K.L.:
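Input: one structure, supplied below.
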Amino acid sequence: MGKGQKVIIIGLDGGTLNLMNPWMEEGKLPNFSKIKKKGVYGKLRSTTPCYSAPAWVSISTGVQPGKHGIYDFFPTDSLKKKIINSRYRRTPAIWNVLTDEGKKSIIVNIPGTYPPEKINGVMITGLLTPSEESDFTYPKEVKNNLTKDKLGKYELEQVVVDDIPKGLTAKYAPEKLAEQVNMITISHATVTMNLMQKYEWDLAMVVFRGTDDAQHLLWDRKDLILSCYKKADEYLGKFMEKYPDALFIIVSDHGFGQPEKYVYLNNALYNAGYLKTTSDPARGFNAFVTSMFDTFSKFIFHILPVKKLVRTQIGRKIIQSSGVKSNIDFSKTKALYHSVCSRGIRINLKDKYIEGIVDKKDYTKVRSNLIGFLNNLKDPETGENIVETIYTSEEIYGKNAVNDPLDLIFDLKEGYGAQELIQPVGGMKAFLNWNAGLSIISPPGFYDWVGDHSQYGIIFMYGKNIKAGKKIDASVVDIVPTVLSALGIAIPSYIDGKTLNDAFVKKPKVEIIEKKEKILTKSEFDKIKKFRLILKKNKIKVK
Ligand SMILES: [Zn+2]
């Protein structure tokens, strides 16, 4: 190890042993089975909340969200629906550490990496890259070579924008969706392999996201989900064959399961008076449009080229400006459920937001009222509590957490998923039912996922110095220190994870080096935020 050692990390978004174990036993995933026998495998604990943005950033930095500052796809320091980018990350990622050490990386399709960073190596950014027109590669020229005859055609996924066509395809042409996500996996695997041929590297890392999409949208079609795992298995085999001396680490950012019911948290906050809207959410225009869309979606899917339309400039604009938060009256709202994948509540503080209404002196009271509200939130069908555990941001992310985490974070009881929309639950029927109000509980409906994340993902490790057939338990923050130790590089002291010594036959020499995160100080960051606020208040736009 150390000198000359190469590491390949393959990410399988949402990979879960609950599905993989039986499939490996039945011989359906031969390459994963091989690693299970000849390498180590086990469960990988995700972040809280267990969603892709914080989890992939923890996998690539070795620290918990309180240090890296990514808690959600949507920045937690803004009430509006913006999307995070790599500049929100406040700790170096493994590719920065390797760059400092003179080692080379090839980094492909990691969520939240746009805009690409200048690294010693090559980077193609992943999910949350704004559009095909943006510069999503480093070096810039790599983008020009993403063609069939050179590095391979690159399929760029676009979160939010692609959600509607993907959801509709899952409903009305599920086989086609599986085919589409598998095409994306092939594209990302091919480009990565071609980059590994063309450029030098010590670390190569690629994330396959097909398993996440398929499990969210096609949970009831295990045959199609299996096809996505098989596609990943097929390419894993190709990588293993081509690089027999590399250390392989296969990880997922979280596991997967099936929510039986969804809790509409903003409906609950609206009913309790914490959240106000600009028009009646049960009867207003938004409610009409969402229930209309639900009713006529099949027709729309079959007659319109939805995927093309949403990707046009105007389509993109409409989608980004609509959505859940367009209907909230922030000047009268005390608290809101931040986003579908935030598992957290934001208190609308006066000091923090232009339209903030909660005084700093009332903060503790409002927060404890909200804790009471969550603790008492009951499923009307069963009378049972819905929320499992509630944490304050300090409890879970520490007192010095960066980038302003949400005020309350919580886990739901098993079997519940969360929804952010404020609307009648149950389509046109609910809309037309004049006295229905806003229910808070529903079986997975038109706007809900049929599958959703769970706390434990997967880890597989395979290589010459890796034990055979051993089970290990690990956390998302353990990947970076393990890779650094394997490459013979000292681990910066701010890293939260530990080297997975149990996986190795000959344990790597683990060195820790005293190092502070390269992050902005609190006062520097506050200055930037204050500046942003002044610009906003005076409606000044910065180009
Ligand atoms: Zn994910």
Side-chain angles (χ1 to χ4, degrees), residues 9-20 43-61 64-65 68 70-74 83-86 88-89 93 107-114 125-129 155-160 162-163 166-167 170 177-178 180-182 184-185 188 205-219 225 228-229 231-232 249-259 338-344 411-412 417-418 420 448-460 474-479:
I9 302 177
I10 295 177
L12 199 62
D13 205 302
T16 170
L17 288 175
N18 294 346
L19 295 182
M20 292 176 83
K43 289 194 292 186
L44 188 74
R45 193 185 161 78
S46 183
T47 46
T48 303
C50 51
Y51 278 84
S52 299
W56 281 120
V57 180
S58 283
I59 288 172
S60 20
T61 56
Q64 294 289 357
H68 64 56
I70 308 286
Y71 305 95
D72 191 356
F73 283 141
F74 311 100
I83 287 177
I84 57 126
N85 61 52
S86 62
Y88 279 83
R89 202 188 70 230
I107 306 294
V108 179
N109 197 40
I110 311 212
T113 40
Y114 179 87
T125 63
L127 197 70
L128 307 190
T129 301
E155 297 284 341
L156 194 73
E157 292 179 87
Q158 296 178 35
V159 81
V160 184
D162 282 348
D163 287 355
K166 268 187 198 166
L177 183 77
Q180 283 170 2
V181 301
N182 281 333
I184 296 175
T185 300
H188 294 170
M205 180 171 179
V206 59
V207 172
F208 298 143
R209 286 204 60 270
T211 35
D212 186 86
D213 274 342
Q215 292 175 122
H216 270 306
L217 299 167
L218 304 167
W219 188 258
I225 295 178
C228 301
Y229 277 92
K231 193 49 79 188
I249 304 180
I250 297 106
V251 287
S252 70
D253 50 340
H254 48 75
F256 247 90
Q258 183 180 26
H338 184 251
S339 90
V340 65
C341 39
S342 69
R343 292 292 185 273
D411 294 326
L412 296 172
E420 62 178 4
D448 302 313
W449 287 316
V450 283
D452 202 6
H453 301 190
S454 63
Q455 194 65 51
Y456 288 93
I458 55 162
I459 177 162
F460 288 76
S475 155
V476 280
V477 292
D478 297 335
I479 306 305

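None of these values were measured; they are calculated from a predicted model. Note that ligands are numbered from 1 as they come in the structure, with each ligand's atoms numbered from 1 the same way.
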K.L.:
Would Ile479 and Ile9 satisfy side-chain contact (heavy atoms from CB on, under 4.5 Å), going step by step from the backbone distance to the final call?
P.N.:
CA-CA 9 Å; Ile479 306 305; Ile9 302 177; 4.1 Å; yes

K.L.:
Does this structure show an ion pair linking Lys166 with Asp213, if we count only N-O contacts that are shorter than 4.0 Å?
P.N.:
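Salt bridge present between Lys166 and Asp213.
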
K.L.:
Looking only at side chains, do Thr211 and Asp13 share a donor and an acceptor under 3.5 Å apart?
P.N.:
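Checked: Thr211/Asp13 side chains show no N/O donor-acceptor pair below 3.5 Å.
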
K.L.:
Inspect the contact between Arg343 and Asp452 and indicate whether a charged nitrogen and a carboxylate oxygen are less than 4.0 angstrom apart.
P.N.:
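Counted as a salt bridge, because a side-chain N and a carboxylate O are separated by less than 4.0 Å.
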
K.L.:
Looking at Asp253, pick out the N, O or S atom nearest to the Zn ion (ligand 1) and give its name.
P.N.:
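It is OD2 of Asp253.
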
K.L.:
So which N/O/S atom does Asp13 have closest to the Zn ion (ligand 1)?
P.N.:
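The Zn ion (ligand 1) is closest to the Asp13 atom OD1, counting only N, O or S.
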
K.L.:
Flag His453 as yes if one of its N/O/S atoms falls below 2.8 Å of the Zn ion (ligand 1), otherwise no.
P.N.:
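Short answer: no, not a single N, O or S atom is under the cut-off.
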
K.L.:
From Ser52, does some N, O or S atom reach closer than 2.8 Å to the Zn ion (ligand 1)?
P.N.:
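An N, O or S atom of Ser52 is closer than 2.8 Å to the Zn ion (ligand 1), so yes.
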
